[in-house]
Q: 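If you scroll down you'll find the structure; I have some questions about it.
First the proteins, then the strands, lettered A, B, ... as listed; each starts at 1.
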Amino acid sequence: MPSLAAPGFDLDLTLRSGQFFRFRPDGDGFLLVDSGRVLRLRPQGDRIEYRGGTAAHVRRLLGLDADHGAALAALRRDPLLAAVLPRYAGMRIMTQDPWVCLVSFVCSSMSNMKRIQGNVEGIARAFGPALEDGIHDFPGPAALPAGALAPIRLGWRERFVAGLFARVDPARLHALAARPFEEARAALMELPGVGPKVAECVMAFSLGFGEACPVDVWIRRVGRRLWFRNRRVPDRRIADRFRATFGRHAALAQQIWFQAVRDGVPVGQAPR
DNA sequence: CAGGTC
DNA sequence: ACTGG
């Protein structure tokens, strides 16, 4: 089985951090679906063994191309993040297919990871081309028959997802990766069901914008606590503070704090 | 109550 | 405001 170098990389932590939903445990590794490929990955020391795709695809998907040493150095400039970093240094920012990422995070509002994963898998099973037995690629945007999404049980997110399937041009979506930050963000927010939080998720987890910082309820709590004496402030100020502090590593800082607070790590103290 | 949006 | 854990 081919393998690639991934020193210090934590596959389990990265996959379970809620950036990407098309994965499941598979033996002593994971099975992932991205961009028409079924990838089987297994951590082996400081390497990742892989089957089903190219090394370049795996490296890009898992965020292994980034200079992680430089990223960690940037994160350590903040003493409070430095305190929790030892436990989360293996986190990477993934770069998945933008269309799948967009639909996933539109499904994510007021939901939870298990349900989001079920919604995304359901859409793939119902409408996506089969790749292997029982494993389907995610379908590209196309006009879906009225009511076709009903069995997916998206609730009030259904009309947003239907709107995305009707309107999104994947090539245009990909092209946003080359646009300036504010322009890409504004373009995404034109889409149905996409507000600031979802827009920055798509930018961070699929378009390569390391300075993106999705502010959800958890990051709002952390940001207020860290920098605003626990006062209410607009989400935009929290995101801008992450960017001012961590620059193009804001997305990684956000993802580490997100995971840490969900693990119950107290903000502003070293983890036990 | 859950990683918001209109 | 849907829906499910």
Side-chain angles (χ1 to χ4, degrees), chain A residues 13-24 84 88 91-94 96 98 100-123 125-126 144 146-168 184-207 209 211-226 232-243 250-265 267:
Chain A
L13 172 68
T14 299
L15 286 178
R16 296 184 195 283
S17 72
Q19 307 179 48
F20 175 82
F21 300 95
R22 297 217 63 194
F23 73 95
R24 63 173 195 231
V84 305
Y88 298 99
M91 176 82 77
R92 302 295 184 108
I93 296 299
M94 298 179 67
Q96 65 186 286
V100 181
C101 188
L102 173 63
V103 175
S104 301
F105 282 97
V106 166
C107 291
S108 78
S109 62
M110 296 307 287
S111 188
N112 56 74
M113 288 185 197
K114 183 186 263 175
R115 187 178 176 196
I116 300 161
Q117 192 159 18
N119 290 153
V120 174
E121 288 301 333
I123 292 171
R125 252 200 321 276
L144 295 173
L149 285 171
I152 311 298
R153 313 204 54 89
L154 294 164
W156 42 263
R157 303 161 198 81
E158 180 177 325
R159 66 187 173 93
F160 297 146
V161 173
L164 294 176
F165 269 85
R167 286 175 45 182
V168 170
R185 186 174 186 273
L188 287 166
M189 287 178 59
E190 296 290 310
L191 297 169
V194 182
K197 194 275 181 185
V198 171
E200 297 210 26
C201 283
V202 174
M203 295 174 76
F205 306 143
S206 77
L207 294 173
F209 285 89
E211 68 270 49
C213 179
V215 179
D216 58 50
V217 51
W218 299 94
I219 291 301
R220 193 173 297 136
R221 240 171 261 167
V222 172
R224 284 178 187 172
R225 178 84 188 266
L226 289 177
R232 283 185 60 116
V233 291
D235 290 347
R236 182 66 201 232
R237 285 197 64 192
I238 295 175
D240 286 343
R241 185 63 176 257
F242 266 89
R243 281 188 271 281
L252 182 60
Q254 179 275 352
Q255 198 59 20
I256 288 174
W257 272 125
F258 177 74
Q259 192 62 41
V261 292
R262 288 175 59 100
D263 288 345
V265 175
V267 178

Q: Nearest-nucleotide wise, let me know which of A/Gly193 and A/Arg115 is further upstream toward the 5' end of DNA chain B.
A: A/Arg115

Q: Reckon A/Val106 touches a base, only the sugar-phosphate, or nothing at all at heavy-atom distances under 4.0 Å?
A: nothing

Q: What residues form a side-chain contact (heavy atoms from CB on, under 4.5 Å) with A/Thr14, not counting sequence neighbours?
A: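 If we apply the side-chain contact (heavy atoms from CB on, under 4.5 Å) test to A/Thr14, skipping adjacent residues, the hits are A/Phe9, A/Gln19, A/Met91, A/Arg92, A/Met94.
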
Q: Test of understanding: with ring-ring contact (aromatic ring centres under 6.0 Å, His included), list the residues that count as partners of A/Phe160, not counting sequence neighbours.
A: none

Q: Can I get a per-line list of side-chain donor-acceptor pairs under 3.5 Å for residues 199-206 of chain A, giving both atom names and the distance, sequence neighbours left out?
A:
{"residue": "A/Glu200", "atom": "OE1", "partner": "A/Cys213", "partner atom": "N", "Å": "2.7"}
{"residue": "A/Glu200", "atom": "OE1", "partner": "A/Arg243", "partner atom": "NH1", "Å": "3.1"}
{"residue": "A/Glu200", "atom": "OE2", "partner": "A/Arg185", "partner atom": "NE", "Å": "2.7"}
{"residue": "A/Ser206", "atom": "OG", "partner": "A/Val202", "partner atom": "O", "Å": "2.7"}

Q: Can you see which heavy atom on A/Ile152 is nearest to which on A/Ala126, and at what distance?
A: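 Nearest heavy atoms, A/Ile152 then A/Ala126: CD1-CB, 4.2 Å.
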
Q: Heavy atoms under 4.0 Å, any strand shown: does A/Gly195 hit a base, just sugar-phosphate, or nothing?
A: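 Since only primed, P, OP1 and OP2 atoms lie under 4.0 Å of A/Gly195, the category is sugar-phosphate.
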
Q: Roughly, in whole Å, what's the span from CG in A/Asn112 to C1' in C/dT3?
A: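 So the two atoms are 10 Å apart, to the nearest Å.
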
Q: Taking only residues two or more places apart in sequence or in another chain, which ones pass side-chain contact (heavy atoms from CB on, under 4.5 Å) with A/Arg125?
A: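 side-chain contact (heavy atoms from CB on, under 4.5 Å) check on A/Arg125 returns A/Glu121, A/His136.
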
Q: Is there a donor and acceptor pair closer than 3.5 Å between the side chain of A/Arg157 and the base of C/dC2?
A: yes

Q: Classify A/Ser104 by what it touches in the nucleic acid, base, sugar-phosphate, or nothing, heavy-atom distance under 4.0 Å.
A: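 Here A/Ser104 touches no strand at all.
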
Q: When you look for runs of 3 or more Watson-Crick or G-U pairs in a row, both distances below 3.5 Å, which of them include DNA chain C?
A: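 DNA chain C stems: none present.
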
Q: Can you name the residues that form a side-chain hydrogen bond (donor to acceptor under 3.5 Å, both in side chains) with A/Glu211, not counting sequence neighbours?
A: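 Once residues adjacent in sequence are excluded, A/Glu211 has no partner under the side-chain hydrogen bond (donor to acceptor under 3.5 Å, both in side chains) criterion.
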
Q: Once you apply a heavy-atom cut-off of 4.0 Å, does A/Val198 come out as touching a base, just sugar-phosphate, or nothing?
A: sugar-phosphate

Q: Mind checking side-chain contact (heavy atoms from CB on, under 4.5 Å) for A/Ala148 and listing every partner two or more places apart, or none if nothing turns up?
A: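 For A/Ala148, the residues satisfying side-chain contact (heavy atoms from CB on, under 4.5 Å) (neighbours in sequence not counted) are A/Phe127, A/Leu144, A/Pro145.
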
Q: In the structure I gave you, are the side-chain heavy atoms of A/Asn119 and A/Phe21 within less than 4.5 Å of one another anywhere?
A: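 With C-beta onward as the side chain, the pair stays apart.
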
Q: Counting any heavy atom closer than 4.0 Å, what does A/Gln254 reach on the DNA or RNA strands: base, sugar-phosphate only, or nothing?
A: base

Q: Measure the distance from CG on A/Asn119 to C1' on C/dT3 and round it to the nearest whole Å.
A: 9 Å

Q: Can you name the residues that form a salt bridge (Lys or Arg N to Asp or Glu O under 4.0 Å) with A/Arg159, not counting sequence neighbours?
A: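 Salt bridge (Lys or Arg N to Asp or Glu O under 4.0 Å) check on A/Arg159 returns nothing, list empty.
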
Q: With a 4.0 Å cut-off on heavy atoms, is A/Gln255 in touch with a base, just the backbone sugar-phosphate, or nothing at all?
A: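 Touches a base.
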
Q: Base, sugar-phosphate or nothing for A/Phe160? Non-hydrogen atoms, less than 4.0 Å.
A: sugar-phosphate

Q: Tell me: CG of A/Leu154 to P of C/dC2, nearest whole Å?
A: 13 Å

Q: Of all of residues 216-223 of chain A, which get a heavy atom below 4.0 angstrom from DNA chain B, listed by number?
A: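 Hits under 4.0 Å, by residue number: A/Asp216, A/Val217, A/Trp218.
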
Q: Can you see which heavy atom on A/Gly193 is nearest to which on A/Val106, and at what distance?
A: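 Of all heavy-atom pairs spanning A/Gly193 and A/Val106, the closest is O-CG2, 3.8 Å.
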
Q: So what does A/Ile152 touch, heavy atoms closer than 4.0 Å: a base, only the sugar-phosphate, or nothing?
A: nothing

Q: Going by the rule side-chain contact (heavy atoms from CB on, under 4.5 Å), which residues pair with A/Ala162 if we only count those two or more places apart in sequence or in a different chain?
A: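 Once residues adjacent in sequence are excluded, the partners of A/Ala162 under the side-chain contact (heavy atoms from CB on, under 4.5 Å) criterion are A/Leu149.
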
Q: Go through the structure and list residues passing salt bridge (Lys or Arg N to Asp or Glu O under 4.0 Å) with A/Asp235, not counting sequence neighbours.
A: A/Arg220

Q: Tell me: CG of A/Leu149 to P of C/dC2, nearest whole Å?
A: 15 Å

Q: Could you tell me from which nucleotide to which nucleotide of DNA chain B, 5' to 3', there is an atom under 4.0 Å from chain A heavy atoms?
A: B/dA2 to B/dC6

Q: Rounded off to whole Å, could you give me the CH2-to-C1' distance for the A/Trp156 and C/dT3 pair?
A: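 After rounding, the gap between these two atoms is 10 Å.
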
